[in-house]
Enquirer: 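Quick one: the structure is below, questions incoming.
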Amino acid sequence: MGRRSGFEGFLRATARAVAAAERERQRAIRAQQTQSRQIERQQRMALAQQTREDRAAHKLAKAQYFADRQGEADDLNAELNDRLEELQGILAHTLSLDDRIDFDALRPLETFEPFQPPPELAPGRAPRPSDVQAPSGLRKLIPGATKKHAAALTQAAKEHEAAIARFNHAEAGKREQFGKLKADYEQRKQLFDEGVRRRNAEVDEFQAAYRAKEPDAVVAYNEMVLARSEYPTEGFPQKFRTAYSVDSAELVVEYDLPEVQAIPKEADYRYVKTKDSIESKSRKPTEIKQIYQDIVASVALRTLHELFEADQADALALITFNGMVDTHDPASGREVRVPVISVRTPKIEFLGLRLEKIDKVACLRNLGAQVSSRPDELQAIKPIVVFDMVDKRFIEQGDALSGLETRPNLMDMTPSAFEVLVSNLFGKMGLDTKLTRSSRDGGVDAVAFDTRPVLGGKVVIQAKRYRDTVGVSAVRDLYGTMLNEGANKGILVCTSGYGPDAYNFSKDKPIELIDGGGLLYLLREHAGVTARIAA
């Protein structure tokens, strides 16, 4: 009985121990599971945090990308606006500038550098004799001390003499090298000074010739004015030809204008997020036409302003401006040179304008300009004066003198021969001419008929074989003859040139003035006659 209860106690104790161990094991398992769940939860939280951060960073990067793309569009629009401001400010740009040429600014400003020999060629310092101390006190009693001192003095003297010789040799070499450098410097400076004197003499000569209104100097001066005028770099060729007539104090300018392609085709840019692209909006054709007309008018008025303002010698009474577009015909692909604006204006009238307040096109028309209504489509106008008709004596350099005498001189012709020449010329040009009378001044009056429908009609032609400048009275006489004859047009031809008043009187009337240069040109082009005019 006792043994059984002891066995049962053992079993119960064992069971309790096993149960306790199992409970402990389960607690350990639960603790491990709890820890694992905590780790997993922390990992999920960290992952969620990282995901949120990644999403935020992506969102921020996406927003930054959109902002950058919008910035690209804004930059393109800013460049576009800057370009348009440049094009629309062509005339205003020059109004605040002084266009006169400062002759002193043409002189050399640089100076020749001073002579600076290298430091090693500076004079040296001669070596000093060695300091040999004589024996004193008890040293004098040492046998041979005096002799040793004398020998030392002798040796020191020899060494000093050798040092002096080496020094003098080195100094002689430095002086020789210094002399060569100095001679080379003086030679270069002399060439520089001669160049400066030559340049200053050229400037003095140019200034004196310009002040004296010599044609070549007047042309050179005004070309300098036009060459230094600052235009937008893109699309503006800034090419021109100039000619000067002494008789009328007229400068004729043929100026290359920009093509219509100089105007941006884009009106604005915008960024489209859905397509992730920058798209442009095309500028309207009517706006391109308006901007281009403004550019053409601006270049014409600006050129006239610059030349008249720069006229220090008062050499210009008149300026004729022909604006040309050098391009390709879109229909044929051939190169074409199209006149789109032509204006002739007296200086006194132009300087009375307030250019900062004008309507450009209206101003030009008031000046009697021929302005194309569609320069963007290369619609040509008839120039007031064809540049090649300007007197060749004022634009051709280096003409062979040997060939001059082989050409007939119009001033040597008889009045009747001159009449026939002029009549035949306009006959070659398509007019039906009838000589009416000749006058003692060597001129000829003719009535001609332009047989073209609509454009044709009766034309009165007068020719003056003059040596002197033709004044306004001759133009008034022609206009009176036109009215008496009921003519549609009058043409006055002379062998010299016209004064400013003559051009001013005829600008708003159906009168064409052809000077000596124009007559020579027409004879060559239409009658095949190469002539000359010599007093």
Side-chain angles (χ1 to χ4, degrees), residues 1-90 92-93 96 119 230-236 258-292 294-295 330 376:
M1 188 70 181
R3 290 179 61 189
R4 182 178 178 182
S5 65
F7 183 71
E8 289 177 350
F10 171 75
L11 288 177
R12 285 194 295 272
T14 302
R16 285 194 298 271
V18 170
E22 179 62 23
R23 286 194 299 272
E24 186 63 32
R25 188 178 71 81
Q26 290 297 328
R27 280 196 299 270
I29 289 174
R30 286 194 298 272
Q32 185 177 4
Q33 288 175 342
T34 300
Q35 184 179 8
S36 295
R37 285 194 295 271
Q38 289 176 345
I39 292 174
E40 289 176 0
R41 187 166 62 251
Q42 290 173 353
Q43 288 176 344
R44 286 195 299 272
M45 291 173 62
L47 180 60
Q49 178 65 25
Q50 183 63 46
T51 301
R52 286 194 295 271
E53 291 177 357
D54 288 346
R55 287 176 179 171
H58 177 70
K59 185 177 181 180
L60 183 63
K62 190 174 182 180
Q64 184 62 48
Y65 174 77
F66 288 150
D68 290 343
R69 293 288 279 163
Q70 183 61 50
E72 291 180 40
D74 292 341
D75 289 343
L76 289 172
N77 282 322
E79 292 175 8
L80 198 61
N81 290 333
D82 289 344
R83 176 65 175 172
L84 285 178
E85 286 180 6
E86 253 191 336
L87 295 177
Q88 293 169 346
I90 288 173
H93 173 78
S96 60
E230 294 180 359
Y231 278 90
T233 55
E234 185 180 349
F236 284 75
E259 298 183 52
V260 70
Q261 287 79 8
I263 301 170
K265 295 179 180 179
E266 300 81 10
D268 62 57
Y269 294 90
R270 64 188 183 95
Y271 173 59
V272 182
K273 284 186 180 181
T274 56
K275 298 180 181 179
D276 189 23
S277 64
I278 295 176
E279 298 181 355
S280 63
K281 178 182 177 182
S282 296
R283 194 175 301 280
K284 294 179 180 179
T286 53
E287 185 181 0
I288 292 177
K289 171 190 172 184
Q290 181 181 4
I291 294 174
Y292 191 60
D294 183 79
I295 290 173
D376 54 310

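Just so it is clear, the model here is predicted, and its values are computed rather than measured. Starting from 1, each residue takes its place in the sequence as its number.
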Enquirer: Is Ile295 close to Ile263 at the side-chain level, that is, under 4.5 Å between some pair of heavy atoms?
Expert: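 Side chain of Ile263 against side chain of Ile295, heavy atoms only: contact under 4.5 Å found.
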
Enquirer: To the nearest 0.5 angstrom, please state how far the OG atom of Ser282 sits from the CD atom of Glu287.
Expert: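 That separation rounds to 11.5 Å.
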
Enquirer: How about Gln38 and Arg41: do any of their side-chain heavy atoms sit closer than 4.5 Å?
Expert: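 Yes. Closest side-chain heavy atoms under 4.5 Å.
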
Enquirer: Please report the interatomic distance CZ(Arg55) to NE2(His58), rounded to the nearest 0.5 Å.
Expert: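 Atom-to-atom, Arg55:CZ and His58:NE2 are 10.5 Å apart.
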
Enquirer: Could you report the tightest heavy-atom contact between Gly235 and Ala262, atom names first, then the distance?
Expert: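 Minimum heavy-atom contact is CA-CB, 4.4 Å.
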
Enquirer: Rounded to the nearest 0.5 Å, how far does CG of Leu80 lie from CZ of Arg283?
Expert: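 Between Arg283 CZ and Leu80 CG, I get 5.5 Å after rounding to 0.5 Å.
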
Enquirer: Kindly say whether Asp268 contributes a backbone atom to a donor-acceptor pair with the side chain of Asn77 at under 3.5 angstrom?
Expert: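 The answer is no, because no donor-acceptor pair under 3.5 Å joins these two groups.
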
Enquirer: Working to the nearest 0.5 Å, report the span between CD of Glu234 and CG of Leu87.
Expert: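 That separation rounds to 9.0 Å.
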
Enquirer: Does either side chain, that of Gln49 or that of Glu53, offer a donor lying less than 3.5 Å from an acceptor on the other one?
Expert: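 The criterion, which ignores hydrogens and geometry beyond distance, is satisfied for Glu53 and Gln49.
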
Enquirer: Are Arg270 and Lys281 close enough that some pair of their side-chain heavy atoms sits under 4.5 Å apart?
Expert: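 Counting from C-beta outward, Arg270 and Lys281 never come under 4.5 Å.
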
Enquirer: How about CD on Gln35, more than 12 heavy atoms from neighbouring residues, nucleotides or ligands closer than 6.0 Å, or not?
Expert: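 12 or below, so no.
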
Enquirer: How long is the gap from CD on Glu259 to CG on Asp376, to the nearest 0.5 Å?
Expert: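 The distance works out to 12.5 Å.
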
Enquirer: Could you give all pairs that pass the salt bridge (charged side-chain N to carboxylate O under 4.0 Å, His left out) test and reach residues 77-90, with sequence neighbours left out?
Expert: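 Those involving residues 77-90 are Arg83-Glu86.
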
Enquirer: Side chains of Asp294 and Gln290 only: does a donor on one sit below 3.5 Å from an acceptor on the other?
Expert: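 Asp294 vs Gln290: no donor-acceptor pair found between side chains.
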
Enquirer: Pair Glu40, Arg37 - check salt bridge (charged side-chain N to carboxylate O under 4.0 Å, His left out), show working.
Expert: CA-CA 5 Å; Glu40 289 176 0; Arg37 285 194 295 271; over 6 Å; no

Enquirer: For Tyr231, enumerate each residue passing the ring pair (Phe, Tyr, Trp, His ring centres under 6.0 Å) test, keeping only those at least two apart in sequence or located in another chain.
Expert: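 Partners of Tyr231 under the ring pair (Phe, Tyr, Trp, His ring centres under 6.0 Å) test: Phe236.
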
Enquirer: Just to verify, what does Tyr271 make a side-chain hydrogen bond (donor to acceptor under 3.5 Å, both in side chains) with, not counting sequence neighbours?
Expert: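 For Tyr271 the side-chain hydrogen bond (donor to acceptor under 3.5 Å, both in side chains) partners, ignoring immediate neighbours, are Asp276.
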
Enquirer: For Pro264 versus Leu84, what's the shortest heavy-atom pair and its separation?
Expert: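 Scanning both residues completely, I find the closest heavy atoms to be CD-CD2, 4.4 Å.
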
Enquirer: For a 4.5 angstrom cut-off between non-hydrogen side-chain atoms, does Glu266 reach Leu76?
Expert: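 Contact flag for Glu266/Leu76 side chains = no.
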
Enquirer: Rounded to the nearest 0.5 Å, what's the gap from CD on Gln26 to CD on Glu24? Could you check?
Expert: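 Here the interatomic distance stands at 10.5 Å.
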
